[in-house]
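What you see is a predicted model; the values in this text were computed from it and never measured. A, B, ... follow the sequence lines: proteins, then strands. Residue 1 opens every chain.
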Amino acid sequence: MVERIEHNLPREFYLQPTIEVAKALLGKVLFHRHERGIISGRIVETEAYLCDDPACHSSRGMTARNETMFGEPGRAYVYFIYGMYHCFNTVTGPVGVGEGVLVRALEPLDGLELMKENRGTHALANLTSGPGKLCQALGLDLLHKGLDLTGSELVIVDDGMQVAEIVEAPRVGITLAADKQWRFYIRGNRFVSRK
DNA sequence: ACATCGATCTACT
DNA sequence: GTAGATCGATGTA
C-alpha cells in the first residue's frame, strides 16, 4: 500500500512565472479549515493575471483593494464583485510586481454538507463550478484576504495527483485583453465553469 | 460628491 | 438568451 504524501505548496511554487503557476495549480487541493469543519476541493480551472495586462486589477497601480497582489507570493487575494460575490486568487511573483492566479472552479472533496448549506443547493455540479460559487461554498470573503496559503486556515496542498491534459482558452468575463489564452482547465472535468 | 461598472450568478422567458 | 440583483472601488469634477 503506497502512502500518499500531502504537503503544502511552498513559497517558491508561487515564484514561478504566473502562467506556469496557473497551470501547475490544476490538480492541487484547496483546504479551508472552517470553524464548523474542513471544506476542500481540487482545483480544476484557473486564469492568469499578469502585471502588464490591462484586465489585471494591479495594472493601474496599487490601491487599497489590490495591495495584497503586490505583497508576498503565496497569499490569498480575495475581492468583492458585482455587489454580492467574491473571487479567490493566489498572489504570484516577487513582492512589488502584482500578479496572481484566479481560481475559477473546484471539484468538491471534503465538507459536502457544509458546501450545500453555504450554497443553498444540493446539486453537486452547481456547488463550486465558478469563481463566485466556490467562494460561497468554502465560506470565503474579504476576511480571508491576505491569508498565507503556505500555512493558515486556508492552504493549498499537493497530494500527488497528476493532471492528464490541460486545455488553454480565452479568459471569461473580461473586455480588455480578451484575446489572451490565459484560462486553463482539466480536459473533461465536469466541474469546469465553461467548456 | 456623484456616476459608472465589474475576473458573476440566478431566475425567468 | 437576456435581464436583474446589488455595492464597493474607481474615475471624473
Side-chain angles (χ1 to χ4, degrees), chain A residues 14 17-26 28 30 39 41 43-71 73 75-93 97-108 115-147 149 154 156 166-186 189-195:
Chain A
Y14 301 96
T18 297
I19 288 175
E20 297 309 309
V21 176
K23 294 181 190 175
L25 279 173
L26 296 176
K28 305 300 187 287
L30 175 62
I39 310 180
I43 297 171
V44 301
E45 180 181 357
T46 61
E47 283 179 2
Y49 285 86
L50 307 197
C51 60
D52 59 351
D53 162 14
C56 182
H57 287 176
S58 67
S59 66
R60 283 168 296 283
M62 184 155 51
T63 65
R65 175 171 68 152
N66 67 22
E67 64 178 347
T68 48
M69 283 195 88
F70 292 91
R75 288 189 181 265
Y77 170 52
V78 180
Y79 65 89
F80 184 66
I81 188 73
Y82 296 119
M84 58 181 93
Y85 297 108
H86 298 272
C87 291
F88 168 81
N89 302 253
T90 69
V91 176
T92 60
V97 173
E99 302 197 342
V101 174
L102 171 69
V103 176
R104 286 194 54 88
L106 302 175
E107 176 172 344
M115 289 196 204
K116 290 174 180 174
E117 210 174 294
N118 290 342
R119 288 276 298 131
T121 175
H122 286 275
L124 183 65
N126 201 26
L127 290 179
T128 53
S129 54
K133 295 178 190 178
L134 73 88
C135 281
Q136 196 175 36
L138 269 68
L140 300 181
D141 56 34
L142 292 179
L143 295 175
H144 301 88
K145 181 163 88 166
L147 286 183
L149 298 169
L154 196 60
I156 299 180
I166 296 174
V167 180
E168 306 188 358
R171 293 177 294 181
V172 173
I174 58 171
T175 50
L176 300 168
D179 57 314
K180 299 285 191 282
Q181 305 266 114
W182 287 343
R183 182 165 72 102
F184 306 98
Y185 62 87
I186 299 178
N189 189 282
R190 63 181 289 213
F191 298 98
V192 170
S193 68
R194 303 191 194 184
K195 310 289 182 190

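- Taking the six-membered ring where tryptophan is involved, the planes of A:His57 and A:Tyr77 are perpendicular, since the angle between them exceeds 60° and thus also 30°.
- Closest approach of A:His86 and A:Ile81 over heavy atoms only: N-CG2, 4.5 Å.
- When the salt bridge (Lys or Arg N to Asp or Glu O under 4.0 Å) test is applied to A:Glu47, the partners found at least two apart in sequence or on another chain are A:Arg104.
- Salt bridge present: A:Lys23 and A:Glu168 bring a charged side-chain N and a carboxylate O closer than 4.0 Å.
- Side chains of A:Leu30 and A:Leu154 form a contact here, defined as non-hydrogen atoms less than 4.5 Å apart.
- B:dA7 and C:dG1 have their P atoms separated by 23 Å, with the value rounded to a whole Å.
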Subject >> nucleotides 5-13 of chain B: protein proximity per nucleotide (B base, S sugar-phosphate only, - neither; heavy atom, under 4.0 Å) >> reply: -BBBSS---

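- Pair check for C:dT6 finds none; no Watson-Crick or G-U wobble contact set falls under 3.5 Å.
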